[in-house]
Amino acid sequence: VLEMGGLVEAQVAQAIYALVNFSNETAAQVLQAETRVNQMEVEIDADLSTIIARRQPTARDLRLLIAISKTIGNLERVGDEAARIARTVQRLINTGVSSRLRLPVSDLAYESELAIAQLRKALDAFARLDVAKAIEVLKQDDQIDQEFEGLMRKLITFMMEDPRTISSSIDLIFVAKAIERVGDHAKNLAEVIIYIVKGTDVRHNSVAAVESMVQ
């Protein structure tokens, strides 16, 4: 699971590098990695099914297996978001937009740094089963949402000032949304960690309520 997590984290970083540098080669590498991520999800799912069938785990062991199943599902979707960004980069490159229009790509890079940091922290918390670090991930989720909203306002301004940017700005909106979803998946991982350790489902609760529930 951690190997899969490292792979999708690298995928997101590569996808953003491809966007910032308009690198078709790097975008292609992201899409190649998607096949391996999907394969790992299938392999881990098969291992989970085998363990449940042969060992019939209960209590915390069963919680761990359920949590791993949810975790790899979230990681696979992170890989999907990275692949979506890579395809957008290829489309932008093919239309020659990098040489014609000024777009707020650096803002997307900053949003992605926040999302990647969240994902890395969630994976570290998973490796250590660290509830305190998982709660940190939940607390910092709003930062990515705020960055996303600010970027939306900026892209709308770009489109109003220069109609030539409309098509490319719409592409970047989808990229920004993909990055925000990476942050959401990191949050989901954090909630899974709390479930493993505490046996408490904290989904759809405020951070304050979660802290109260795990005390």
Side-chain angles (χ1 to χ4, degrees), residues 1-13 15 30 33-84 112-145 177-215:
V1 173
L2 291 173
E3 181 184 349
M4 184 180 178
L7 185 56
V8 298
E9 181 187 330
Q11 258 190 301
V12 176
V30 173
E34 184 182 21
T35 302
R36 176 57 183 152
V37 170
N38 293 340
Q39 182 184 359
M40 291 186 78
E41 182 190 24
V42 172
E43 290 172 354
I44 295 169
D45 258 336
D47 287 341
L48 291 173
S49 297
T50 299
I51 292 170
I52 290 171
R54 291 183 177 179
R55 299 183 180 275
Q56 299 181 344
T58 58
R60 182 169 175 173
D61 288 336
L62 182 58
R63 287 208 308 270
L64 178 59
L65 297 179
I66 292 170
I68 286 174
S69 180
K70 291 180 179 179
T71 297
I72 61 172
N74 277 286
L75 291 176
E76 191 273 334
R77 285 188 285 275
V78 170
D80 287 345
E81 301 301 344
R84 186 171 289 113
S112 73
E113 287 174 8
L114 293 176
I116 292 169
Q118 283 282 82
L119 181 59
R120 185 179 299 122
K121 185 174 288 187
L123 289 168
D124 186 48
F126 180 85
R128 303 168 187 272
L129 294 182
D130 187 335
V131 170
K133 185 161 285 189
I135 290 175
E136 282 181 32
V137 173
L138 300 182
K139 288 180 176 178
Q140 293 168 357
D141 183 60
D142 285 346
Q143 287 181 272
I144 299 173
D145 294 339
K177 188 62 181 176
I179 296 169
E180 187 210 19
R181 287 192 184 116
V182 171
D184 289 341
H185 291 309
K187 178 183 176 182
N188 292 344
L189 293 180
E191 292 171 344
V192 164
I193 293 158
I194 294 170
Y195 173 70
I196 294 171
V197 178
K198 298 292 185 177
T200 303
D201 190 341
V202 298
R203 291 176 296 176
H204 314 303
N205 283 284
S206 67
V207 175
V210 172
E211 288 183 303
S212 176
M213 292 166 73
V214 301
Q215 282 179 352

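For the single chain, residues carry numbers from 1 onward in sequence order.
Between Glu76 and Asn38, some side-chain heavy-atom pair lies under the 4.5 Å cut-off.
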Run the side-chain donor-acceptor check on residues 113-138: report pairs under 3.5 Å with partners two or more places apart or on a different chain.
from: Gln118; atom 1: NE2; to: Val137; atom 2: O; distance (Å): 2.8
from: Arg120; atom 1: NE; to: Glu9; atom 2: OE2; distance (Å): 2.7
from: Arg120; atom 1: NH2; to: Glu9; atom 2: OE2; distance (Å): 2.9
from: Lys121; atom 1: NZ; to: Glu136; atom 2: OE1; distance (Å): 3.3
from: Lys121; atom 1: NZ; to: Gln140; atom 2: OE1; distance (Å): 3.3
from: Asp124; atom 1: OD1; to: Arg128; atom 2: NE; distance (Å): 2.8
from: Asp124; atom 1: OD2; to: Arg128; atom 2: NE; distance (Å): 3.3
from: Asp124; atom 1: OD2; to: Lys133; atom 2: NZ; distance (Å): 2.7
from: Asp130; atom 1: OD1; to: Ala132; atom 2: N; distance (Å): 3.0
from: Asp130; atom 1: OD1; to: Lys133; atom 2: N; distance (Å): 3.0

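Counting only residues at least two apart or on different chains, the side-chain hydrogen bond (donor to acceptor under 3.5 Å, both in side chains) pairs with a member in residues 177-191 are Asn74-His185, Asn74-Asn188, Lys177-Glu180. Listed by first and then second residue, the side-chain hydrogen bond (donor to acceptor under 3.5 Å, both in side chains) pairs involving residues 40-69 are Gln39-Glu43 (not counting sequence neighbours).
For the atom pair CG of Asp141 and CG of Asp145, the computed distance is 5.0 Å after rounding to the nearest 0.5 Å. Atom CD1 of Ile68 and atom CD1 of Ile51 lie 7.5 Å apart (nearest 0.5 Å).
Taking each heavy atom of Gly79 and Gln11 in turn, the nearest pair found is CA-OE1, 3.3 Å. Across all their heavy atoms, Asn205 and Asp201 have their closest contact at ND2-O, 4.3 Å. Shortest non-hydrogen contact noted between Met4 and Ile72 is CE-O, 3.5 Å. Between Leu62 and Pro57 the shortest heavy-atom distance is CB-O, 3.8 Å.
Among Asp80, Val1, Leu2, the single residue meeting the side-chain contact (heavy atoms from CB on, under 4.5 Å) criterion with Leu75 is Val1.
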